[in-house]
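Residue numbers count from 1 along this sequence.
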Amino acid sequence: QVQLVESGGGLVQAGGSLRLSCAASGIFFRINAMGWYRQAPGKQRELVAGITSGGLTNYADSVKGRFTISRDNAKNTVYLQMNSLIPDDTAVYYCNADIRTVRYWGQGTQVTVSS
């Protein structure tokens with residue numbers, strides 16, 4: 001079994017920063033890609049950022065230059081550093097981890113950016 005536990009969400013003012021963390025636990029040998037998605041009310045879930053096991057990254061255009069995804073393979077943890085937050089970033093953020101043929105998901109953490 002694999003579980004992803006997220007932390008770091010909350011309420012911040014526009015222009016502020018948050019760092020999301022997602023730690024994988026359970027029985028597995030290797031995590032392949034990891035990433036972050038978000039879903040705002042009335043919108044589809046969208047990819048925010050992804051990172052391969054080798055450290056290659058990709059970002060949604062809307063967050064490029066503001067967000068940074070990283071991972072600590074020794075800790076089985078993926079991070080999302082979010083800077084210069086804007087109200088449009090308000091959403092539930094979900095981390096994912098690809099292990100073997102399965103994509104596992106975290107429970108989601110609320111990020112709210114106030115004006």
Quiz item: Is there side-chain contact between M82 and Y93, with at least one heavy-atom pair below 4.5 Å?
Solution: yes
Quiz item: Do R38 and D89 have side-chain heavy atoms sitting under 4.5 Å apart?
Solution: yes
Exercise. Applying ring-ring contact (aromatic ring centres under 6.0 Å, His included), name anything that partners Y79, two or more places apart in sequence or on another chain.
Key: none
Quiz item: Roughly how far, to the nearest 0.5 Å, is the CD1 atom of I69 from the SG atom of C95?
Solution: 9.5 Å
Quiz prompt | Approximate separation, where rounding is to 0.5 Å, of R100 CZ and I31 CD1 | solution = 13.5 Å
Practice problem: Quick one: pull up OG1 in T77 and CE in M34 and give me the separation to the nearest 0.5 Å. | Solution: 7.0 Å
Quiz item: Looking at CG of L4 and OG of S25, how far apart are the two atoms once the value is rounded to the nearest 0.5 Å?
Solution: 7.5 Å
Self-check item: Separation between CH2 of W36 and CD1 of I51, rounded to the nearest 0.5 Å
Solution: 12.0 Å
Quiz item: Passes side-chain contact (heavy atoms from CB on, under 4.5 Å), Q81 versus S17? Steps please.
Solution: CA-CA 7 Å; Q81 177 66 46; S17 298; 3.9 Å; yes
Exercise. Indicate whether the side chain of S53 and that of N32 have a donor and an acceptor atom separated by less than 3.5 Å.
Key: no
Quiz item: Quick check: are there more than 12 heavy atoms from other residues, nucleotides or ligands sitting under 6.0 Å from CD of Q39?
Solution: yes
Quiz item: Within a strict 4.5 Å, meaning less than it, do heavy atoms of the F28 and N76 side chains meet?
Solution: yes
Self-check item: Heavy-atom side-chain proximity of V111 to L20 below 4.5 angstrom
Solution: yes
Quiz item: Do the side chain of R66 and the main chain of S62 share a donor and acceptor less than 3.5 angstrom apart?
Solution: yes
Quiz item: Are V2 and V78 in one and the same hydrophobic cluster, where Ile, Leu, Val, Met, Phe, Trp and Tyr link if side-chain heavy atoms are under 4.5 Å apart?
Solution: yes
Self-check item: Minimum side-chain heavy-atom gap F67-V48 below 4.5 Å
Solution: yes
Quiz item: Do T68 and L80 come within less than 4.5 Å of each other through their side chains, counting heavy atoms only?
Solution: no
Practice problem: Of all the heavy-atom pairs spanning A91 and A40, show the shortest one and how long it is. | Solution: CB-N, 3.8 Å
Practice problem: Test the R45-Y94 pair against the cation-pi criterion, namely NZ or CZ under 6.0 angstrom from the six-membered ring centroid and within 45° of the ring axis. | Solution: yes
Quiz item: Does one side chain, of Q110 or T112, offer a donor that lies under 3.5 Å from an acceptor on the other?
Solution: yes
Exercise. With the side chain counted from C-beta on, respond yes when L47 and N58 share a heavy-atom pair under 4.5 Å apart, and no when they do not.
Key: yes
Practice problem: Any chance you could measure N83, atom CG, to L18, atom CG, to the nearest 0.5 Å? | Solution: 9.5 Å
